[in-house]
Amino acid sequence: MNRNGAFSKAFNILFCAFMLAPIVVVLGVSFTPEGFLEFPPSGISLRWYEAILDNPDFIQAAWISLQLAFAAATVATLLAIPAALAIGQSRFRGRDALQAIFLSPLMVPTVVLGIAFLRFLSLFGLNGTFAGLTACHAIIITPFILRLVLAAVTGLDMSAARAAESLGAGRWTVFRRITLPAILPGVVGGWVLAFITSFDELTVTVFIVNPSTTTLPVRMFSHITQTTDPLVASVSSVTVIFSLALMILVDRLYGLDRLLIGEGKKA
Amino acid sequence: MAFLTLDGLTKRYGEVTAVDSLSCSVEKGEFVSLLGPSGCGKTTTLQMIAGFEQPSAGHIRLGGRDLAAIPARERGLGIVFQSYALFLHMTVRENVAFGLEMRKVAKKELKARVERALELVHLGALADRYPRAMSGGQRQRVALARALVIEPELLLLDEPLSNLDAKLREEMQLELRRIQREAGVTTLMVTHDQSEALAMSDRVVVMDGGQLQQVDSPFNVYETPRCSFVSTFLGKSNNFAAMLESRDATGSVLACNGVTLRGPVAHLRPGPAEIAIRPERIRLAAPGEGLLRGTVQERVFLGAQWMLAIDTPLGGFLVARPNSGAQEVEIGAEVGLDWSPADMRILPAGEAA
């Protein structure tokens, strides 16, 4: 173990402060008793949290976002697992191309994707529908899952699958009983990451929603283009706390470092 | 009719021939080793028997049936992998039970058979542990129990001891042999470790460059190697190019680097040949006596024996001498080297210097 020097300690503190400052400001603002964004707040009030309850369109939007994130993360996971197994376990022509295609949504600017999706969904009359949104979100978040699952697959001992096969297991049984449990931390981690990414996706979504499928980020975006009241701050605070709760839950279940860094083999 | 027969088994990867028309057989209950350096095709052979690789040509027959059309999961072979390939998310008991579950063995019988398999490998007390919490030797036993519990017709061992440290490896050699005898299972082991193959097998199949070099009992492959490769790969050997000048029913005469040597009865025609003498068959004599004069270049103490490197007119010799408790000759000493002609082997001319 080597101790951190004063310089690196200072750097770490500054870095953490830089990362946390915006969240602290939002949390602070959300407790203001005033009708405008002020920081530090002049008092402590739950006025803007009560205001959320008076805005059913925000609650409706949050509900849509939750459903969308759940559906899109699940669809993307179902796509990413077989893709990761194919890319990670076998060598075939076009393997690198396949991987590049699956990861490409990370490289295309999201505004471009948004416009493309808008045009594409219109062709099928899916514009603004929940199914259309789910498909688009699934495409955007697949790379996140694929990378985590791929990392898990790459570290996999292929001979375990062969051992199961030699003991009489068919392909599906090998997957269900041997391969899937071994890569499950990567799958769960990918799903959570994808869920959160979908939940706060704005740039693409803003092109393809309609009033009945408005998601929470889009609702908040249109709210602050009209007014600057602290309602968005209190809504933001709630989503921050929700994300935090999700992360803590996952940490308790699997260990966050294991999911996001992929090491730490706790026996 | 042999139990397992490999007949002209061949595997090509594009231009490369990994296994070149290999034919050999294993009797029921026998322990046979496939021995060779890495890349000699032994692992590919095992993979083909297991059903993970398709042969390019040739046949594999087990108990009379041709395995070609039978997928790996229906061959019913027990396989112990080099990495053990344990299921890390399952306990020892669950690992061992897996093969029986796949065979839909009734619960009661399954439980009894798992217990018996764990007893066989002395792991009964650790049945509810996870493999991560076990030592290398224990994991090895789990892998063995998992392979044996399905009562396979054939047990395949892929470098089973190579991940263990030296001391444990020697223990496991005896242990593995005991388990194999008790289970009475026909076994084919792949290894690159000649001492492992000699210690454990009923017969050794020596392979090099995808081809079979020699099949025989450990004693015979060591004592009467058929070629230069076998003589140097199994144990240490002093090999020199020689010219077989004449031969008759009582022995032979060879010229080796200007020295005339008497050899045993030769089965080769007169002409270029190679001689091989084991280090432990050479006796030291007073300088000027014996067959050759030499100078001790290097001396290594190995506990039970000394290993001497001696420079002679033929070239460098390795000589092994048992540690008799007395001081061994010093480096730089002049000695004579002697051996009886019967301890010399005459091999077809190889690549030896």
If you count heavy atoms of other groups shown closer than 6.0 angstrom to [atom1] of [X], is the number above 12?
X	atom1	value
A:Phe7	CZ	no
A:Phe120	CZ	no
A:Met107	CE	yes
B:Arg65	CZ	yes
A:Phe11	CZ	no

Checklist entry - So which heavy atom on A:Ala160 is nearest to which on B:Ala85, and how close? => result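 The pair with the smallest heavy-atom distance is N-CB, 3.6 Å.
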
Item to check | Where A:Ala163 and B:Arg146 come nearest, the two heavy atoms and their spacing | outcome: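 Shortest heavy-atom separation between A:Ala163 and B:Arg146 comes out as CB-NH2, 3.3 Å.
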
Region of [X] that comes under 4.5 Å of a non-hydrogen atom in chain A:
X	value
B:Ala72	both
B:Arg75	neither
B:Gln82	neither
B:Glu94	neither
B:Phe81	side chain

Checklist entry - Among B:Leu77, B:Leu100, B:Ile150, which one satisfies side-chain contact (heavy atoms from CB on, under 4.5 Å) with A:Leu167? => result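 Of the listed options, the one satisfying the test is B:Ile150.
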
Next on the checklist: Just verifying a value: how many Å separate A:Leu184 CG and B:His89 NE2, rounded to the nearest 0.5 Å?
Outcome noted: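 Between A:Leu184 CG and B:His89 NE2, I get 9.5 Å after rounding to 0.5 Å.
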
Next on the checklist: Using a 4.5 angstrom heavy-atom cutoff, name the option from A:Val174, A:Thr173, A:Asp157 with the most pairs to chain B.
Outcome noted: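 It is A:Asp157.
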
Item to check | Contact winner vs chain B - A:Ala161, A:Ala182, A:Gly170, heavy-atom pairs under 4.5 Å | outcome: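 If we count pairs closer than 4.5 Å to chain B, A:Gly170 comes out on top.
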
Checklist entry - Given side chains that start at C-beta, do those of A:Ser166 and B:Phe52 come closer than 4.5 Å, heavy atoms only? => result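 The answer is yes, as the side chains (C-beta and beyond) meet within the 4.5 Å cut-off.
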
Next on the checklist: One pair to check against side chain to side chain contact (heavy atoms under 4.5 Å, CB included): A:Arg177 and B:Met102. What are the steps and the verdict?
Outcome noted: CA-CA 11 Å; A:Arg177 296 282 309 271; B:Met102 293 302 117; 3.9 Å; yes

Item to check | Pick from B:Pro71, B:Gly99, B:Gly51 with the largest number of heavy-atom pairs that fall under 4.5 Å of chain A | outcome: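 Looking at each option in turn, the highest pair count goes to B:Gly99.
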
Item to check | Pair A:Arg162-B:Ile79, side chain to side chain contact (heavy atoms under 4.5 Å, CB included): steps then yes or no | outcome: CA-CA 9 Å; A:Arg162 287 190 158 180; B:Ile79 306 175; over 6 Å; no

